[in-house]
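Sharing a structure, written as structure tokens. Questions coming.
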There are 2 protein chains.
Amino acid sequence: MQSMPSRRHVIANDIRHKISTGRIKAGERLPSEAQLATRYEVATPTLRSALAVLQSEGLVEKIHGKGNFVRYPRRRVTYVGGGHALRTESSTESGIRVSVHITNLQAHGQLIGLLGVPAGSPLTEFLCLSHEGKSPHSLARIYVPRDLSPTGVAAESHCCKSVEAKLAELRPPLTEVLERVTARPPTHEEAATLRISSTLAVLAITRVAADSTGRVVEAALLVLPSDRADVCFTTHHMTDERTSG
Amino acid sequence: MQSMPSRRHVIANDIRHKISTGRIKAGERLPSEAQLATRYEVATPTLRSALAVLQSEGLVEKIHGKGNFVRYPRRRVTYVGGGHALRTESSTESGIRVSVHITNLQAHGQLIGLLGVPAGSPLTEFLCLSHEGKSPHSLARIYVPRDLSPTGVAAESHCCKSVEAKLAELRPPLTEVLERVTARPPTHEEAATLRISSTLAVLAITRVAADSTGRVVEAALLVLPSDRADVCFTTHHMTDERTSG
DNA sequence: GAGTGGTCTAGACCACGAG
DNA sequence: TCGTGGTCTAGACCACTCA
């Protein structure tokens, strides 16, 4: 398998080594692809495929018309499931800022099934984009039935925690949280928003939370790039509550 | 973004359409890349990049020296977390067979940390490879301290459920299950074993289960190709047990 | 306009699989 | 041996960014 090291892998390994040893620093631009191709004595498509390896590892970011840049190492963030910490656990202390855009809309598509509401019923969308420094980090779309929506949260709010707090105050305690995790390539829009290559998979989490009456009070679609996020669940079993395998 | 449809996407869309409408059936071989390149009037690298799109979607499988084949649609399978169903929920009724290979080994690497045992302590590995028809489906490596290992399970056992059953009998009830889900490209070995392209992400689940004494009785490394698996968690909150967000 | 990456061409040669 | 895919070349032309 890896017995035949192709040139692109040799080149990718060399550049990766230069990055990890600090000979090329985070934020710096690599030499142009033409220069690199000359230096490594390969044709441009070969060199580009080497860079593609590094892109898919999240080490290098290509910007059309500008060049290839060494990415700042992203803090790896853990999403904790179960409805306890609704945001990533380290967001409070890691310099991650969240901007929120609030929109009113009507239920359509998969939202109808997730929220269990009729098509067209009024919803509020909270579009949360978190940033680490200047770079986009992850994406969340939270949908709440309009009558549960915290009207007191200003649309210009730029702290997702305030939204979460308001939501938590308004509604009864959650009794059931269902979370479905898939991995898929990002859509074009997601790749552009998060500035990731379309070859880097994202973890897509669909979260549905219900209150004690069984009413779904929130549906959330989370998109976490796989190079900087993982998902963690802890399940405690009461010894008498245990369900047989 | 998608305003400029590149040729490879046009070609990929065309072939995808022919597959989804049944004009090319599952298991069939596509015309050779040279023939396709001629038919679509593109050069071979362009055609190959079109096929790469379909590979990354799991629609087409390349076999070196033989050709490109339309893959049989894989049953999408849901891994249910929380330690209730230790295997995929639909494995009992979907014709998925599991072969198990049992090995004794000593704790090393990440297993030390996961199981909380000293380096070199005796473990038993259950290497489970599930098949759907003739095709490999997913991969699991389960590690158990040797003294908890069910010696009664024959190494030639080819039903993973029997292993799970033996394990469940032997040990005390699990009280805490921790599951970490990440998405990453498969290793070369995993890609070869599962016959997936190295561009298709896998869901990697690390599961650690402890009994009531806090002893870790099992660590499992699961590898689920993202085109055929998702992961689902349900959390129930006692109203008095609720943790604040 | 100068420099960058994005896409594509029309070949060449190598490695794998089956007969 | 032959047909397959795997890799690579040396260029061409287009699109984007920035001065």
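Residue numbering restarts at 1 for every chain, and letters A, B, ... go by the order of the sequence lines.
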Polar atoms only, N or O, under 3.5 Å: list the protein pairs with nucleotides 1-3 of chain C and their distances.
from, atom 1, to, atom 2, distance (Å)
C:dG3, N2, A:G65, O, 3.4

N/O (side chain, A:S6) to phosphate O (OP1/OP2, D:dG6) under 4.0 Å: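 Negative; the distance criterion is not met.
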
Looking at D:dT9, I'd like to know if its phosphate oxygens (OP1 or OP2) sit under 4.0 Å from a side-chain N or O belonging to A:R7.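 A:R7 to D:dT9 OP1/OP2: side-chain N or O found under 4.0 Å.
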
Atom-pair distance (CG on A:L36; P on C:dG6), nearest Å: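 About 13 Å, once rounded to whole Å.
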
B:R48 vs D:dG6: side-chain N/O to OP1/OP2 distance below 4.0 Å: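 Yes, B:R48 has a side-chain N/O under 4.0 Å of OP1/OP2 on D:dG6.
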
If you look at every strand shown and take non-hydrogen atoms under 4.0 Å, does B:S49 touch a base, only sugar-phosphate, or nothing?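 Contact class for B:S49: none.
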
Output the rounded distance in Å from CD (B:E33) to P (C:dA10).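 Whole-Å distance recorded here is 17 Å.
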
Within this structure, what is the CD1-to-P distance between B:I11 and C:dT7, rounded to whole angstrom?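 Rounded to the whole Å, the gap is 14 Å.
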
How many whole angstroms separate atom CZ of B:R195 from atom P of D:dG5?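 My rounded result for the distance is 16 Å.
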
Could you tell me whether B:E41 contacts a base, only the sugar-phosphate backbone, or nothing, with contacts defined as non-hydrogen atoms closer than 4.0 Å?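 Result for B:E41 = sugar-phosphate.
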
Any luck finding a side-chain donor-acceptor pair between A:Y79 and A:E179 under 3.5 Å?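 There is such a pair (donor and acceptor under 3.5 Å, judged by atom type) between the side chains of A:Y79 and A:E179.
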
What is the distance, to the nearest angstrom, from the CD1 atom on A:I63 to the C1' atom on C:dG5?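 Nearest whole value for this atom pair: 11 Å.
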
Are A:T44 and C:dG5 close enough that a side-chain N or O sits under 4.0 Å from OP1 or OP2?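 No, A:T44 has no side-chain N/O under 4.0 Å of OP1/OP2 on C:dG5.
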
Closest non-hydrogen atom pair, A:A183 against B:S226: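 Smallest heavy-atom distance, with atoms named: O-CB, 3.3 Å.
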
Is a side-chain donor-acceptor pair under 3.5 Å present for A:S138 with A:R228?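 There is no such pair between these side chains.
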
Taking atom types as modelled and ignoring hydrogens, do the side chains of A:N68 and A:R29 form a donor-acceptor contact shorter than 3.5 angstrom?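 Their side chains do not contain a donor-acceptor pair, so the 3.5 Å distance test is not met.
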
What I want to check is whether the side chains of B:S20 and B:H17 have a donor and an acceptor closer together than 3.5 Å.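 Short answer, no.
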
For B:R7 and B:S49, which I'm curious about, is there any donor-acceptor pair between the side chains at under 3.5 Å?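 The answer is no; no qualifying pair exists.
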
Can you check the B:E61 CD to D:dG5 C1' distance for me, whole Å?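 Nearest whole value for this atom pair: 13 Å.
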
Between B:H9 (NE2) and C:dG6 (C1'), how many Å, whole number?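 For the pair B:H9 NE2 and C:dG6 C1', the rounded distance is 12 Å.
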
Round to the nearest Å and state the distance from A:L47 atom CG to D:dT9 atom P.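 Spelled out: CG on A:L47 to P on D:dT9 is 10 Å.
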
What nucleotide, of D:dG6, C:dG5, D:dT7, holds the atom closest to the side chain of B:K62?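 Side chain of B:K62 sits closest to D:dG6.
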
Could you pull out the closest heavy-atom pair between B:L203 and A:V181, with the gap in Å?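 For B:L203 versus A:V181, the nearest heavy atoms are CD1-O, 4.1 Å.
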
By nearest nucleotide on DNA chain C, pick out whichever of A:P45 and A:N68 is the more 5' one.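 Nearest-nucleotide comparison on DNA chain C picks A:N68.
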
